Number of protein chains: 2
Amino acid sequence: MARRQIDTRAEIRAVALQLFAEQGFEKTSLREIAERLGITKAALYYHFPSKSDLLSDVVAPLLTDVPAMLDAAERAGESDPRRILEGYFDVIARHRVVFMAMLSDIGALARLDVLPAVFGWRDRLQTLLVGPDASAADAARVTVAVGGLQDAAVMMGGGPAAEVRAAAVDAAYRALRT
Amino acid sequence: MARRQIDTRAEIRAVALQLFAEQGFEKTSLREIAERLGITKAALYYHFPSKSDLLSDVVAPLLTDVPAMLDAAERAGESDPRRILEGYFDVIARHRVVFMAMLSDIGALARLDVLPAVFGWRDRLQTLLVGPDASAADAARVTVAVGGLQDAAVMMGGGPAAEVRAAAVDAAYRALRT
DNA sequence: GTCTATAATCAGATAGAC
DNA sequence: GTCTATCTGATTATAGAC
């Protein structure tokens, strides 16, 4: 049944994401994922041809949404740093759990070749925020602002969301200004 | 020979640290470490009773230096945020590679029970920086400032170190102020 | 202190029945 | 679409010789 396949795939993704975020990609075995779903390892292999493919699938939404946000900002010629920072905060916050899973096993990402993409985001954000001819000091400021904002987005959960978002974006904005 | 033992232990630590930082704790096998040193797996077990013990040993310097820095700041009643931020930047920068190894396998750290300690640092830093009765917005500002500063310390390498340090500390300081 | 040899376990992956 | 059964290879760890 086609319905069932969609559900099972989605369930696998959800369970895998949760386990990856909790204990990292390498440490999470297919047996563990299968057991939690009440299916067998072999059934997993029907839906995903390899463990790497499962990770790719889990991480995909983040990997398309961040560039999409950057595309939009670049196309609009967005020059208000506050708007850019808000946009970035929102993408990361929306994919918090995936982002945590990525953080908790950077080694696995390196093997998947997504690290170059992530560094590419940084470059594009830097250009948007302080222009193409950034000094080492400019770059340091961007690192503090963007890195800090990322942390705040990932850790979100306690406290009124809107207030936290405003305070974090504001702080990152001030970090940027000389 | 006692001399030899010390050297071998130190060499094991160094190679393990490098591999952990490159590819994470789980992905790095004892075979790999032993091969790179030209010794056998069994020899590793002579020096470290388990893989976890090796990780603990590698991470230990960071785990003692950060609390030491916080102790000093608390004992001195340090109230200048800039000084505290400088101190934190310096500890992290000094242990950059260990810190990267920790970041690249957060799952392993969770199993070692060091995560509570790390969150403890955050709390102490927060109290030092914005006092004991922080609002959600205050906490968000601290997250941006400290998280961003951490990133800058870890990524240090390109550019004149003193200039980067000053710019990063300055940015974190501004992120903190309302 | 370092070795050889091996135990015990678990990993990811595949073949083929139902 | 899920199963049973199995393969292959790697892993951590141990025992005991030198």
Side-chain angles (χ1 to χ4, degrees), chain A residues 1-59 101 104-105 107-114, chain B residues 1-59 101 104-105 107-114:
Chain A
M1 319 161 198
R3 265 304 300 289
R4 187 83 194 93
Q5 173 169 14
I6 294 170
D7 289 343
T8 304
R9 266 187 78 96
E11 280 167 26
I12 292 171
R13 247 197 306 265
V15 168
L17 169 57
Q18 193 190 334
L19 288 173
F20 290 165
E22 278 171 18
Q23 50 189 9
F25 175 71
E26 294 293 338
K27 180 66 185 179
T28 302
S29 69
L30 297 178
R31 182 187 52 77
E32 210 174 350
I33 298 172
E35 265 176 13
R36 193 170 289 207
L37 284 163
I39 63 176
T40 62
K41 273 192 297 173
L44 277 183
Y45 274 93
Y46 173 80
H47 295 281
F48 297 93
S50 80
K51 199 187 176 188
S52 282
D53 282 275
L54 178 51
L55 177 60
S56 297
D57 225 69
V58 161
V59 163
S104 73
D105 208 331
L109 293 175
R111 270 159 262 138
L112 265 188
D113 243 354
V114 314
Chain B
M1 318 163 198
R3 266 301 302 286
R4 187 84 194 89
Q5 174 169 13
I6 293 170
D7 289 341
T8 305
R9 266 187 77 97
E11 280 167 25
I12 292 171
R13 247 198 305 264
V15 168
L17 169 56
Q18 192 190 335
L19 289 172
F20 290 166
E22 278 172 18
Q23 50 191 7
F25 175 70
E26 293 293 339
K27 181 66 186 179
T28 302
S29 70
L30 297 179
R31 182 187 52 74
E32 210 174 351
I33 297 172
E35 266 176 13
R36 192 169 291 205
L37 283 163
I39 63 175
T40 63
K41 279 187 296 172
L44 277 183
Y45 274 95
Y46 174 79
H47 296 281
F48 298 94
S50 79
K51 199 186 176 188
S52 283
D53 282 274
L54 178 52
L55 178 60
S56 297
D57 224 69
V58 161
V59 163
S104 73
D105 208 330
L109 293 175
R111 270 159 263 137
L112 265 188
D113 244 354
V114 313

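Treat the numbers as computed from the prediction; the structure is a model and nothing was measured. Note on naming: letters A, B, ... go to the chains in the order of the sequence lines (proteins, then strands), and numbering restarts at 1 for each one.
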task = Can you figure out which of D:dT2, C:dA11, D:dT12 approaches the side chain of B:L30 most closely?
result = D:dT12
message = I want to check something: taking the side chain as every heavy atom from C-beta on, are A:R111 and B:Q23 in contact at a cut-off of under 4.5 Å?
response = yes
ask   = Any side-chain heavy atom of A:D105 sitting closer than 4.5 Å to one from B:E26?
value = no
remark   = Atom CD of A:E26 and atom P of D:dT11 are separated, to the nearest Å, by 11 Å
task = Starting from P on C:dA11, measure out to OH on A:Y45 and report it in whole angstrom.
result = 11 Å
query = Within 45° of the six-membered ring axis of B:F25 and under 6.0 Å from that ring's centre, is NZ or CZ of B:K51 located there?
reply = yes
note = B:K27 atom NZ is separated from C:dG12 atom P, nearest whole Å, by 10 Å
query = Taking atom C1' of D:dG1 as reference, at what distance in whole Å does atom CD1 of A:I12 sit?
reply = 10 Å
task = Take the protein atom CD of B:E35 and the nucleotide atom P of D:dT11, then report the distance between them rounded to whole Å.
result = 9 Å
message = Just so I know, are the side chains of A:D57 and A:I12 near enough to count as touching, which here means a heavy-atom distance under 4.5 Å?
response = no
query = C:dG1, C:dG12, C:dA11: which one has an atom nearest the side-chain heavy atoms of B:Y46?
reply = C:dG1
request  = Check every strand shown and say whether A:T28 touches a base, only sugar-phosphate, or nothing at a heavy-atom separation below 4.0 Å.
outcome  = sugar-phosphate
request  = Report yes if at least one side-chain N or O of B:R31 is closer than 4.0 Å to OP1 or OP2 of D:dA10; otherwise report no.
outcome  = no
task = Measure from the side chain of A:K51, starting at C-beta and using heavy atoms only, and say which of D:dT2, C:dA11, C:dG12 lies closest.
result = C:dG12
remark   = In short, the helix from C:dG1-D:dC18 to C:dC18-D:dG1 is bent end to end, axes from five pairs each side, to 10°, by 10°
task = Using whole Å, report how far CD1 of A:I33 lies from C1' of C:dC10.
result = 15 Å
query = Which listed nucleotide (D:dT2, D:dT12, C:dA13) is nearest to the side chain of A:T8?
reply = D:dT2
Using atom names, set out every protein N or O paired with an N or O of nucleotides 3-6 of chain C below 3.5 Å, distance rounded to 0.1 Å.
unit_1	atom_1	unit_2	atom_2	d
C:dC3	OP2	B:T40	N	3.1
C:dC3	OP2	B:T40	OG1	3.3

Minimum-distance nucleotide (side-chain atoms of B:S29 versus C:dT14, C:dT2, D:dT12) = D:dT12
task = Report yes or no: is the cationic atom of A:R9 (NZ for Lys, CZ for Arg) under 6.0 Å from the centre of the six-membered ring of A:F48, at an angle within 45° of the ring normal?
result = yes
